[in-house]
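Take a look at the structure below.
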Amino acid sequence: MFTSDEIKITPGMQRYIDKNNAYLAKRDQYIRDVVKKWKFDTIAVHGLYTVQDALEDYQGAIIEPIFMSSSQAYRDADEMAAALAYLIPTWCYSRIANPSTYYYEWTLALLEGYGFKGDTSCCSTSSGMAAIMTAVQPFLVHKRHHVHEPRNFLATAQCYGGTFQQFKVRMMEERDIECRWVQNPANIDEWASQIDENTRFLYGELPSNPQQGFFDIAAVADLAHSRNLPLIVDSTVATPALLRPICHGADIVVQSATKSLTSSGFGICGAVIARKNLICRVDNDDLKQDFALYVKYLPNRDYGPNLHPLQAIMTLNDVRTLRSKMDMLSRNTLKVSEFLSRHPQVERVEYLGLPEHPLHELASKYMWLVDAEYDEQYGKPVNRYGHLMSFCVKGGVEATRKAFDGLQRIWRATDLGRIKSVATIPAISTHLQQGEAGRQLAHIPPNLIRLCVGGEHPDDIIADLDQALNKVKTKTAVGTPAAVR
Ligand SMILES: *Cc1c(COP(=O)(O)O)cnc(C)c1O
């Protein structure tokens, strides 16, 4: 794979190749016979890092080592030639690969592929935006000598503000690649009617940030495959602890690992996870065979949006407890959203976990706490909806800002997925650049507050929200007739 025909394999190179093939066969057998049989939590805690790895190579370190080194040395010319031709596993240069990012990639590939019958692989990236770029660009290449051919793709209009900008400004305005927005992605006909012979992929975010958009993954995946197209899903808000789109037919998942996967808030990072043997209209066998490894070893080698090894291990440390954390945060969020939906200063609450949400039933088909049936506490499957929610404050923009400014425990920041509760007003922050028309397209009114409930006791978060919202009530009451008061 990824090797040009020009390479002459010397007997010395062949010895290295044989040795490494034996190593790879052993590793793949270990994955098949041992790791794939573990429960989710065990994979999250250990990934592919073994006691044997530690004792043989890393002086017994129980945590995966952070390899800050820029590059790797080789024993001789044969080993170097084999490595740089990608004929043996190597990390040669940290822009291309690195042992610390290797463990990160395997853990995320295995978690996102948990319960999936086929194989998955992962390419780490320096951010969620870099993951999206990495996932979509390879499908937008021109056929040789056809530089003027029109190209388009479909994407859910309800998406992260950065994604909206990447697709609208960087693709449409700067590169003339048409992004066809899907306004109501729960309507499969809206997807179907926008696909034509120049479409390259379908892209969907779910649950969407901040408005809790959702769609039927299996139905959209079936549609995509029937037209020879891949489906790419941004599953940042759910994380693999609550939803694994590849198990439902999606081909590629992008993660802003910055968010819930790094709930401590230490840094920025991303990942592209793909199933093997993709369906697509691009004529490139390496790409189809193993998309994540292809982008890792070729396009990302040339563009360089790669993850730092220190960041990889910091994120891995947060991922080890992902399942129980997402359970706790989801339960806290449900409690807070129930409180807010009863609050007189709140116009409406958007949370997929609330039975009155129009997409509750659809989301309940897909969003389950992984392994709840093996959990002593539950012993059966339970739905969990994550820790992103939003609500609209009564009284317009001014009342919204007042309630927001009144928060004392909840942090005002354009952030989410934290162990600390965080709130933002998307219209003046994450979704500011896209303008009023863009916000209308994405259903983001100016009085919407996005709230990400953390690991505090939910009673304390509820008390903070209550005092902030009650400040609005008192203020608007001033100056109104005594009878009303
Ligand atoms: C934050 C976010 C991104 C972008 O990720 P970065 O790590 O900030 O680059 C993409 N998608 C979603 C849903 C996000 O919340």
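Along the sequence shown, residues carry numbers from 1.
- With a 4.5 Å cut-off on side-chain heavy atoms, Tyr366 and Pro207 do not count as touching.
- In this structure, CG in Leu87 is found 9.0 Å from CG in Asn21, a value given to the nearest 0.5 Å.
- Under the 3.5 Å distance criterion, the side-chain polar atoms of Arg384 are left unmatched by any main-chain donor or acceptor of Val370.
- Annotation: Trp411, atom CH2; neighbour count of heavy atoms from other residues, nucleotides and ligands within 6.0 Å does not exceed 12.
- Judged purely by atom type and a 3.5 angstrom limit, His360 uses its side chain to pair as donor or acceptor with the backbone of Leu352.
- With contacts defined as side-chain heavy-atom distances shorter than 4.5 Å, the pair Phe404/Ile449 qualifies.
- Using cut-offs of 30° and 60° on the angle between ring planes, the pair Tyr114 and Phe40 is perpendicular.
- For the pair Thr236/Asn209, no side-chain contact is recorded, criterion being any heavy-atom separation below 4.5 Å from C-beta on.
- Judged by distance alone, the side chains of Asn284 and Tyr294 do bring a donor and an acceptor atom under 3.5 Å apart.
- Residue pairs meeting the salt bridge (charged side-chain N to carboxylate O under 4.0 Å, His left out) criterion with at least one partner in residues 418-436, sequence neighbours excluded, are Asp415-Arg418, Glu436-Arg439.
- Classification of the Phe291-Phe139 ring pair by plane angle, with boundaries at 30° and 60°, yields parallel.
- Remark: side-chain polar atoms of Arg281 are paired, donor with acceptor, to backbone N or O of Arg227 under 3.5 angstrom.
- In this structure, Phe201 and Phe153 have parallel ring planes: the angle between them is below the 30° cut-off, well short of the 60° mark.
- Ile252 and Val272 make their closest contact through CG2-CG1, 3.7 Å (heavy atoms, listed as atom of the first residue, atom of the second, distance).
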For His357 and Arg348: C-alpha separation, side-chain torsions, deciding distance, then whether side chain to side chain contact (heavy atoms under 4.5 Å, CB included) applies. CA-CA 10 Å; His357 194 286; Arg348 68 188 160 91; over 6 Å; no
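- Side-chain atoms of Gln158 do not come within 3.5 Å of backbone N or O of Gln212 as any donor-acceptor pair.
- The environment of NE2 in His142 is crowded: more than 12 heavy-atom neighbours from other residues, nucleotides or ligands sit within 6.0 Å.
- Contact of the Ile7 side chain with the Met13 side chain is registered, since non-hydrogen atoms from C-beta on lie closer than 4.5 Å.
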Please test Asn300 against Thr134 for side-chain hydrogen bond (donor to acceptor under 3.5 Å, both in side chains), starting from the C-alpha separation and ending with a verdict. CA-CA 7 Å; Asn300 279 15; Thr134 297; 3.3 Å; yes
Checking Met68 against Ile66 for the side chain to side chain contact (heavy atoms under 4.5 Å, CB included) test, could you report, in this order, the C-alpha distance in whole Å, the side-chain angles of both residues, the deciding distance, and whether it holds? CA-CA 6 Å; Met68 297 287 279; Ile66 300 164; 3.8 Å; yes
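- In this structure, the side-chain hydrogen bond (donor to acceptor under 3.5 Å, both in side chains) partners of Glu173, at least two apart in sequence or on a different chain, are Lys168.
- The heavy-atom pair separating Ser337 from Leu354 by the smallest distance is OG-CD2, 3.6 Å.
- Using a distance-only test at 3.5 Å, with no hydrogens or angles considered, no donor-acceptor pair links the side chain of Arg450 to the main chain of Ser390.
- To the nearest 0.5 Å, atoms OG1 (Thr163) and CZ (Arg170) are separated by 13.0 Å.
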Apply side chain to side chain contact (heavy atoms under 4.5 Å, CB included) to the pair Arg151 and Asn198, showing each step before the final yes or no. CA-CA 5 Å; Arg151 293 159 295 169; Asn198 299 317; 5.7 Å; no
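- In this structure, Ser364 OG and Asn383 CG are separated by 4.5 Å, a value rounded to the nearest 0.5 Å.
- Among pairs with a residue in residues 190-210, those fulfilling salt bridge (charged side-chain N to carboxylate O under 4.0 Å, His left out) read Glu149-Arg200, Arg180-Asp196, at least two apart in sequence or across chains.
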Indicate every side-chain donor-acceptor pair of residues 116-124 with a distance under 3.5 Å to a residue at least two apart or in another chain.
{"residue": "Thr120", "atom": "OG1", "partner": "Ala109", "partner atom": "O", "Å": "2.7"}
{"residue": "Ser121", "atom": "OG", "partner": "Asp290", "partner atom": "OD1", "Å": "2.5"}
{"residue": "Ser124", "atom": "OG", "partner": "Glu105", "partner atom": "OE2", "Å": "2.7"}

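- Using a 4.5 Å heavy-atom cutoff, the side chains of Leu369 and Arg323 are in contact.
- Taking both residues in full, the closest heavy atoms of Ile96 and Lys296 are given as O-NZ, 3.2 Å, listed atom of the first, atom of the second, then distance.
- With hydrogens and angles ignored, the 3.5 Å screen pairs a side-chain donor or acceptor of Tyr86 with a backbone N or O of Tyr297.
- Taking the side chain as every heavy atom from C-beta outward, Glu112 and Cys247 never approach each other to under 4.5 Å.
- Around atom CD of Gln183, more than 12 heavy atoms belonging to other residues, nucleotides or ligands sit under 6.0 Å away.
- The closest side-chain heavy-atom distance from Asn306 to Ser94 is not below 4.5 Å.
- Ser429 and Thr424 share a donor-acceptor pair across their side chains, judged by distance under 3.5 Å alone.
- Contact between Phe214 and Ala363 at its shortest, heavy atoms only, is CE2-CA, 3.7 Å.
- A search for side chain to side chain contact (heavy atoms under 4.5 Å, CB included) contacts involving Tyr74 returns Gln72, Glu79, Met80, Ala83, Leu84, Thr90, Cys92, not counting sequence neighbours.
- Of the inter-residue distances, the one linking Cys269 atom SG with Tyr104 atom OH reads 4.0 Å to the nearest 0.5 angstrom.
- Side-chain atoms of Tyr16 do not come within 3.5 Å of backbone N or O of Ile88 as any donor-acceptor pair.
- No donor-acceptor distance shorter than 3.5 angstrom exists from the side chain of Ser235 to the backbone of Ala238, with no hydrogens or angles considered.
- The aromatic rings of Tyr30 and Trp38 stand perpendicular to each other, their planes meeting at an angle above 60°, with 30° marking the opposite boundary.
- In this structure the side chain of Tyr49 reaches within 4.5 angstrom of the side chain of Pro65, judged on heavy atoms.
- Atom CG of Asp33 has more than 12 heavy atoms from other residues, nucleotides or ligands within 6.0 Å.
- The nearest pair of heavy atoms linking Ala224 to Leu202 is CB-CD1, 3.6 Å.
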Given Leu229 and Leu154, is the side chain to side chain contact (heavy atoms under 4.5 Å, CB included) satisfied, shown in steps? CA-CA 11 Å; Leu229 295 167; Leu154 275 53; over 6 Å; no
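- Between the CD atom of Glu64 and the CG atom of Asp53 there is a distance of 9.5 Å, given to the nearest 0.5 Å.
- Asp285 and Gln289 share no donor-acceptor pair across their side chains, judged by distance under 3.5 Å alone.
- The side chain to side chain donor-acceptor pair (under 3.5 Å) analysis of residues 307-316, with sequence neighbours excluded, yields the pairs Thr262-Thr315, Gln311-Thr315.
- Separation of atoms CG (Leu111) and CZ (Arg244) is listed at 9.0 Å; rounding is to 0.5 Å.
- Minimum interatomic distance between Pro245 and Val233 (heavy atoms only, all atoms of both residues): CG-CG1, 3.9 Å.
- Listed for the Thr156 side chain is no donor-acceptor partner under 3.5 Å among the backbone atoms of Val182.
- Here the side chain of Lys325 pairs a donor or acceptor atom with the backbone of Asp318 at under 3.5 angstrom.
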